[in-house]
Amino acid sequence: MDAPTLTEPTKVRVELGTRSYDILIGADLIARSGTLIAPFAKQSRVFILSDDTVWGLHGETLLTGLSSGGLTGLEKVLPAGESTKNWALLGETLDWLLEHGAGRDDVLVAFGGGVIGDLTGLAASLMKRGMQFVQVPTTLLAQVDSSVGGKTAVNSKFGKNLVGAFYQPRLVLADTNVLATLPARERQAGYAEIIKYGLINDPEFIDWLSDHGNEVLKLDSDSISAAVAVSCRAKAGIVAQDEREGGVRALLNLGHTFGHALEAANGYRANLLHGEAVGTGMALALRYSARLGLMTSKDAEHGVSLIQASGLETELQRLPGGPYEAGPLVEAMRQDKKARGGKVPLILAKGLGQSFIYPDADLSDVQDFLQEELQKS
Ligand code: NAD
Ligand code: GLY
């Protein structure tokens, strides 16, 4: 029997001078990982960090894929879940790398969702002041967002992502086949970040998602590859302009100021995933934009309906973890790094696909708005 024909992956370049890298998107990239990673590996052994769920489902495929390109993998498997992004496991990972003689030329592979990607990236940045790392994201959220752009972090008892570094990977392999085992709820949560790119500045993508969103969620191979590629291209373009979030990168936070407040008010419990909070957060940002007269309510509701059509909750009063209260939500927004004197920057919209940084949203007005949203029947 002939070997199956492997389709060419889509390539998206993140242009960052000497730190530029490719994101490859397509089917069966994990099976080809050895060949794809080999150009970066000075030794045949690569280090892998993963979580127990991902490793149980896909570890063997990764090891086989590496060996087909002449590489062997040495893995460290951590517990799945947000609580893994902590100091203790970061230290344990660094000790593990040192124990096995890792050096700056070695490659550390992040094999998992955003939790593993963020922890691995930070470990790689610290290891002998920086070893190479490759992202192999296995959740939709990680493929369209967290594996790209170089934000790495662990959580502290003082809050989420407070200890981290900007540190770029050498390569990102977004294998769309690996998403087949992802629970539907995790797919929806990742889809919220896909919609985000349309709402930021791409009305054509909004129209495309209106027609093809269901196919994306069902992982139709052409549609999922297209959606991941458009998303990565959008993020790569923004990161190339503003790697360290001095300006335009803040647009990627559309829906996140409201979303982070919801996650914080809910105590980061698993009944509200990050992407789910962002979905509601984007609906709130659109409605708040309409309230300020920046866009029409009709356009805002059209955007909300796109979010809703994917199965994400857009109504604050029905969101898991509730009932939420406007006061504590605004208190959480006050903790935003950029909040000053009762004002906070928000990403709002002048129309669908026309988001912008609104520098000084008045938190007492935001509180009135949230109160009204919560009182809706
Ligand atoms: P995650 O890594 O916890 O993955 C979600 C769940 O899916 C986990 O239980 C995991 O084991 C499981 N899983 C992963 N891949 C799977 C697969 N293919 N099949 C079955 N199960 C699978 O969460 P996430 O949503 O990927 O990422 C969230 C994290 O990303 C948060 O910590 C957030 O702070 C971070 N984040 C970082 C950035 C960034 O720019 N660095 C951006 C957004 C989010
Ligand atoms: N997830 C937001 C960013 O990467 O800037």
Side-chain angles (χ1 to χ4, degrees), residues 14 30 49-59 61-62 77-86 110-122 125 133 135-156 159-169 172 174-194 196-197 200 219 231-232 234-257 259-260 263-264 268 270 272-278 281 347:
V14 185
I30 294 171
L49 219 57
S50 189
D51 77 32
D52 47 13
T53 302
V54 172
W55 193 253
L57 290 165
H58 302 290
T61 311
L62 178 64
V77 179
L78 301 171
E82 182 67 31
S83 57
T84 281
K85 262 173 65 171
N86 68 42
F111 188 50
V115 163
I116 288 298
D118 281 11
L119 176 78
T120 304
L122 184 56
S125 78
F133 95 107
Q135 289 269 18
V136 184
T138 63
T139 62
L140 186 53
L141 182 134
Q143 293 194 354
V144 299
D145 189 0
S146 61
S147 66
V148 175
K151 281 189 179 174
T152 75
V154 292
N155 303 326
S156 132
K160 235 178 95 101
N161 293 333
L162 290 183
V163 180
F166 286 96
Y167 191 69
Q168 302 292 344
V172 180
D175 182 332
T176 48
N177 279 358
V178 80
L179 302 175
T181 54
L182 195 64
R185 206 178 142 214
E186 296 284 353
R187 274 188 226 172
Q188 268 171 359
Y191 187 76
E193 302 282 2
I194 293 179
K196 181 183 80 176
Y197 296 109
I200 288 175
L219 305 180
S231 302
C232 288
K235 183 155 186 184
I238 289 176
V239 168
Q241 290 174 62
D242 177 22
E243 185 182 7
R244 288 175 168 255
E245 202 170 312
V248 71
R249 187 164 179 166
L251 289 173
L252 296 173
N253 295 333
L254 173 63
H256 283 59
T257 307
H260 285 153
E263 286 184 277
Y268 300 100
L272 182 65
L273 300 176
H274 173 72
E276 293 171 330
V278 167
I347 308 308

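The structure displayed is predicted, hence computed values, not measured ones. Scope of the values below: all heavy atoms of this structure, side chains included, with no hydrogens, waters or symmetry mates. Numbering of ligands and ligand atoms starts at 1, following listing order. FYI, the numbering just counts along the sequence from 1.
- With a 4.0 Å heavy-atom cut-off, ligand 1 is reached by no atom of V148.
- Residue K151 touches ligand 1 through backbone and side chain together, judged by heavy-atom distances below 4.0 Å.
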Pairs under 3.5 angstrom, nitrogen or oxygen on both sides, ligand 2 versus protein: list them out, please.
{"residue": "ligand 2", "atom": "1 (N)", "partner": "D145", "partner atom": "OD1", "Å": "3.1"}
{"residue": "ligand 2", "atom": "4 (O)", "partner": "K235", "partner atom": "NZ", "Å": "2.6"}
{"residue": "ligand 2", "atom": "4 (O)", "partner": "R249", "partner atom": "NH2", "Å": "2.7"}
{"residue": "ligand 2", "atom": "5 (O)", "partner": "K151", "partner atom": "NZ", "Å": "2.9"}
{"residue": "ligand 2", "atom": "5 (O)", "partner": "R249", "partner atom": "NE", "Å": "2.7"}
{"residue": "ligand 2", "atom": "5 (O)", "partner": "R249", "partner atom": "NH2", "Å": "3.3"}

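- Below 4.0 Å from some heavy atom of V115 lie the following atoms of ligand 1, by number and element: 1 (P), 2 (O), 3 (O), 27 (O), 29 (C), 32 (O).
- The ligand atoms of ligand 1 that sit less than 4.0 angstrom from a heavy atom of E82 are 31 (C), 32 (O).
- Of the N or O atoms in T152, none lie within a sub-3.5 Å distance of an N or O in ligand 1.
- Using a 4.5 Å heavy-atom threshold, the side chains of L179 and T138 count as separate.
- Between A142 and ligand 1, a contact under 3.5 Å exists for no N or O pair.
- Side-chain contact check for K85 and N161: at least one donor-acceptor pair (N or O, by modelled atom type) lies under 3.5 Å.
- Polar contact with ligand 1: present for V178 (N/O pair, distance under 3.5 Å).
- Sorted by first and then second residue, the salt bridge (charged side-chain N to carboxylate O under 4.0 Å, His left out) pairs involving residues 159-168 (not counting sequence neighbours) are E82-K160.
- A donor-acceptor contact closer than 3.5 angstrom links the side chains of H58 and T181.
- Distance check for atom 12 (C) of ligand 1: every protein heavy atom is found at 4.0 Å or beyond.
- The atoms of ligand 1 that sit less than 4.0 Å from any heavy atom of K235 are 40 (O).
- Only side-chain heavy atoms of K85 come within less than 4.0 Å of ligand 1; its backbone N, CA, C and O stay farther off.
- Between the side chains of Q143 and D175, no donor N or O sits under 3.5 Å from an acceptor N or O.
- The contact set between ligand 1 and K160, taken as ligand atoms under 4.0 Å from a residue heavy atom, comprises 31 (C), 32 (O), 33 (C), 34 (O).
- When the heavy-atom distances from atom 4 (O) of ligand 1 to L273, I116, T139, T181 are ranked, the shortest goes to T139.
- When side chains are defined from C-beta on, T176 does not count as touching L219, because their heavy atoms never get closer than 4.5 Å.
- Neither the backbone nor the side chain of D52 has a heavy atom within less than 4.0 Å of ligand 1.
- Taking a cut-off of under 4.0 Å to the non-hydrogen atoms of E186, the atoms of ligand 1 that pass are 5 (C), 6 (C).
- By the 4.5 Å heavy-atom criterion applied to side chains, Y268 and N155 are not counted as neighbours.
- Near A80, meaning under 4.0 Å from any of its heavy atoms, are these atoms of ligand 1: 9 (O), 11 (O).
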Original post:
Step by step, would you call D145 with K235 a salt bridge (charged side-chain N to carboxylate O under 4.0 Å, His left out)?
Top reply: CA-CA 7 Å; D145 189 0; K235 183 155 186 184; 2.7 Å; yes

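- Contact atoms of ligand 1 toward D51: 10 (C), 11 (O) (distance under 4.0 Å to a heavy atom of the residue).
- Counting only heavy atoms from C-beta outward, the side chains of Y191 and V144 never approach each other to under 4.5 Å.
- For the pair R244 and R249, the minimum side-chain heavy-atom distance is 4.5 Å or more.
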